[in-house]
Q: 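Okay, here's the structure, questions in a sec.
Only heavy atoms go into these numbers, but all of them, side chains included; no hydrogens, no water, no symmetry mates.
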Amino acid sequence: MITRRDVIKAGGLTLCVMLTPEGYKVLKAQELPKRYAPNLWINISKDNYLTVFVNKSEMGQGVYTGLAMLVAEELDFPWERVKVKPAPAGRAYVDPKMGIQLTGGSTSVRNMYEVLRLAGASMREMIVASASKSLKVPREKIKAKGGFIMVEGKSYPYGDFVDLAVKEPIPPKPRLKEPKEFIYIGKSVPRVDVPEKVEGSASFGIDSFLEGMVYAVVERPPYFGARPLKVDATSAKRLPEVIDVFPISTGVAVCGESFWACQKARQSLRVEWSESFVKGWEDKDFERYFLQKLKDKGEVVRVKGSPQRVFEESPIKVEETYIQPYLYHATMEPMACLAWVKEDECIVYAPIQSQTWALEAAKRISGLPESKIKIMTTYLGGGFGRKANVEFVAEALEISKRLKRPVKLIYTREDDIRSGYFRPYSITHIKASADKNGNLNSLTFKIAVQPLLGGNASVEGVANTPYQIPNLHVERIDMELPVSVWFWRSVGSTHNAFSLETMIDRIAYQTGQDPAELRLRLLKHNPVAYRVVQTAMEKSGWGKKRNLGIAYHYSFGSHACHVAEVSLEKGKVKVHRVVAVIDVGPITVHPDLIKSQVEGAIMMGLSMALKEGVSFKDGGVANTNFSGYEILRMDEAPKVEVYILNSKREMGGVGEPGLPPIAPAVANALLWAYGIKVNRLPIRL
């Protein structure tokens, strides 16, 4: 656990950065006012190592590497001497633009880019100033390079000057490097997390241990919305190594000296559950209910022009309904948390995406102030949004408080799927029209879906589409159901890109137009988006093959376009090749990280398109492991080519934008090559 006191005691030069109304301000650790909240710490030790304390969670996306690069770049520090540690949870380490400590929304590099470069540049100038005074050499004759001060043919490590550098004033406007000076930014440096993951020393949530800890599992209701009314644990408590069995807020906790003891005891439980609105429901019941509710009047999010009148008057009309299932996040590592609630301290080890929400849960359950709570973020074996929801942390805290012992809560794969927090089920109805020349002139979009934190995520990607559609109506119906839902990679854009992009092709198909050319016309006022689509056409050899499908989408600040080459083999969809183009804004920090994120997003999106879907029986999950909840297999992965573009605008995100276009690109290829319309995912032919 890293605390403010620990950083100061460690020695060396430590800087922190905060956001003020005037912009970012850099302070030294020793100068912190009592109520000051820094956003990030960086430290150079006397033995000349740079440590970056990262306030974002490493879940495989390479954020430890990407953020540390920004500091090392401005310091001109040798990469092999850079260390990264997770910052502790607390207001001191919130993302300055988000206001919370959270990894999600493809915000990590774009939100911390300026902050970390500023901190690194400030530290560099302070070291140069201290070296000038110590060596009695004018500053203009000193050069900071490769972690050393170069002067008069001699070199001195930065660490030689950290004691003096602490006394230097913070430069109000440190000079940032010009792109032509970059040594790291724009290059694919080695990832800092790979060595320990390869050798097996990396610590994930399930790897955490505390002396005297016990294990716990939670028996969950057989259907969503139920709570335990009566628990008969007589048989379970008689089993060896069983410590206790008791109800908690989400089910029934079973605690023992070993995980297997908990598992065996759980099988002996007899639980009476409360009733639920969805008890007895199967897949057809959800579909029937959503279709019924889709007839209701919802909240109109955006209206432009007169879409209904134009639709009725237009010679070309298309009307479609799209059905998309609940989706499980399918992280390689299921939920796990080690928690210890003591009278005067609370300790948590967990693979979490939101330290702020975990901290709030710890304060609420333990009753302790923030200063008495220590939350350590381990590596995440995948996140995809799921681990930003910290109910598994709350469960571990609740159990530990009851037992007064450290507790490691472990979800089995079945527990993980049955707990829910899925990508929401949705049914969307779209009406679109075109004039006699095939120009798209109206689009009415109406979606029935469970809302996520305010609801407007339900219509993202449509309400803010770059397409120039003169008459547009966007409406959402917030569904109220006890099935727990949560953010899934690329959030509302996962379902909205599929329905919107396939509808664009339906218009093109009905009017005999090239679907890529139609998109170019709709994007002619947006040169960045236009170039992305145009590049995808060029790189894919658009127009030379019939079995190609194209889809474009804007999300999380980035423009992405995919072209998929698809065939049908014995009635099964086979994706052979995907050409992906993404524009991330003015800077490419680490090209390989961008490519790997786009590749991963495409595989996850293909899995969504061809395989995935939560199935229900009696109001609960029917397919509770990968034997029933299928995901894409290695032998089904296509060849992927990623092309990165840059443009003069705000920096965009990377982790999420690569996913939304792939499902509609595959569906559109099926339309043009085989005349097959896909209105439901996963694709079943």
Side-chain angles (χ1 to χ4, degrees), residues 307 310-311 313-322 428-445 461-462 465-473 495-526 529-554 559-568 573 575 578-581 609 660-681 683:
V310 172
F311 179 83
E313 296 175 354
S314 295
I316 300 165
K317 301 180 180 67
V318 179
E319 199 165 350
E320 302 285 358
T321 299
Y322 297 91
T428 305
H429 184 254
I430 303 182
K431 298 191 301 184
S433 63
D435 61 23
K436 63 181 181 180
N437 296 318
N439 296 309
L440 182 64
N441 56 16
S442 81
L443 186 125
T444 298
F445 176 97
V462 178
T465 179
Y467 288 137
Q468 288 294 310
I469 304 172
N471 300 280
L472 179 66
H473 177 102
H495 44 75
N496 293 335
F498 174 71
S499 53
L500 177 60
E501 286 300 296
T502 53
M503 179 57 92
I504 297 294
D505 270 53
R506 304 291 165 81
I507 288 287
Y509 192 78
Q510 188 161 321
T511 56
Q513 300 183 74
D514 182 302
E517 294 294 341
L518 175 56
R519 284 173 173 81
L520 290 178
R521 290 209 308 277
L522 291 169
L523 295 169
K524 62 183 179 181
H525 299 293
N526 190 317
Y530 188 99
R531 180 172 169 237
V532 167
V533 174
Q534 192 175 50
T535 303
M537 294 169 65
E538 294 170 358
K539 298 297 183 181
S540 65
W542 183 261
K544 297 178 182 178
K545 294 183 179 180
R546 182 176 174 81
N547 61 335
L548 299 182
I550 191 169
Y552 156 84
H553 196 70
Y554 172 79
H559 300 265
C561 185
H562 297 345
V563 175
E565 182 178 334
V566 177
S567 70
L568 282 181
V573 178
V575 182
V578 177
V579 172
V581 179
I662 186 59
V666 172
N668 289 337
L670 293 173
L671 175 66
W672 292 96
Y674 302 98
I676 297 172
K677 294 200 306 182
V678 178
N679 283 35
R680 181 192 294 263
L681 294 180
I683 299 172

Q: Please step through side-chain contact (heavy atoms from CB on, under 4.5 Å) for the pair Val566 and Val573, ending with a clear verdict.
A: CA-CA 7 Å; Val566 177; Val573 178; 3.7 Å; yes
Q: For residues Pro307 and Leu443, determine if any side-chain heavy atom of one lies less than 4.5 Å from a side-chain heavy atom of the other.
A: no
Q: Report the residues that fulfil side chain to side chain contact (heavy atoms under 4.5 Å, CB included) with Ser567, sequence neighbours left out, ordered by chain and then residue number.
A: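 Listed in chain order: Glu569, Lys574, His576, Tyr674.
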Q: With distance as the sole test, does Gln534 use its side chain to make a donor-acceptor pair with the main-chain N or O of Leu520 at under 3.5 Å?
A: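 A pair under 3.5 Å: no.
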Q: When you compare the side chain of Phe311 with that of Asn471, does any pair of heavy atoms fall below 4.5 Å?
A: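 Counting from C-beta outward, Asn471 and Phe311 never come under 4.5 Å.
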Q: Quick one: salt bridge (Lys or Arg N to Asp or Glu O under 4.0 Å) partners of Lys317, sequence neighbours excluded?
A: none
Q: Any side-chain to backbone donor/acceptor pair from Thr465 onto Tyr467? Under 3.5 Å, distance only.
A: yes
Q: Working to the nearest 0.5 angstrom, can you tell me the gap between Glu319 CD and Met503 CE?
A: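 If we round to the nearest 0.5 Å, Glu319:CD and Met503:CE are 8.0 Å apart.
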Q: Has the side chain of Asn439 got a donor or acceptor atom that lies under 3.5 Å from a matching backbone atom of Asn441?
A: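 Not at all, since once roles are kept as given, no pair shorter than 3.5 Å links the two residues.
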Q: Where the side chain of Glu501 meets the backbone of Tyr552, is there a donor-acceptor pair that is under 3.5 Å apart?
A: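 Between the backbone of Tyr552 and the side chain of Glu501 there is a qualifying donor-acceptor contact (under 3.5 Å).
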Q: Is there side-chain contact between His553 and His559, with heavy atoms separated by less than 4.5 Å?
A: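 Not touching, per the 4.5 Å side-chain cut-off.
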Q: side-chain contact (heavy atoms from CB on, under 4.5 Å) for Leu681 and Ile683? Distances and angles first, verdict last.
A: CA-CA 5 Å; Leu681 294 180; Ile683 299 172; 3.8 Å; yes
Q: Starting at CG of Leu548, measure out to CE of Met537 and round the result to the nearest 0.5 Å.
A: 11.0 Å
Q: So Tyr322 and Phe498, would you call those rings parallel, tilted or perpendicular, with 30° and 60° as cut-offs?
A: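 The arrangement is perpendicular - the two ring planes meet at more than 60°.
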Q: If you round to the nearest 0.5 Å, how far is OG1 of Thr502 from CZ of Arg506?
A: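 Reported to 0.5 Å precision, the distance equals 5.0 Å.
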Q: Is Asn668 reaching over with its side chain to a backbone N or O of Pro664, donor-acceptor style, under 3.5 angstrom?
A: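 Yes, because the side chain of Asn668 sits within donor-acceptor range (under 3.5 Å) of the backbone of Pro664.
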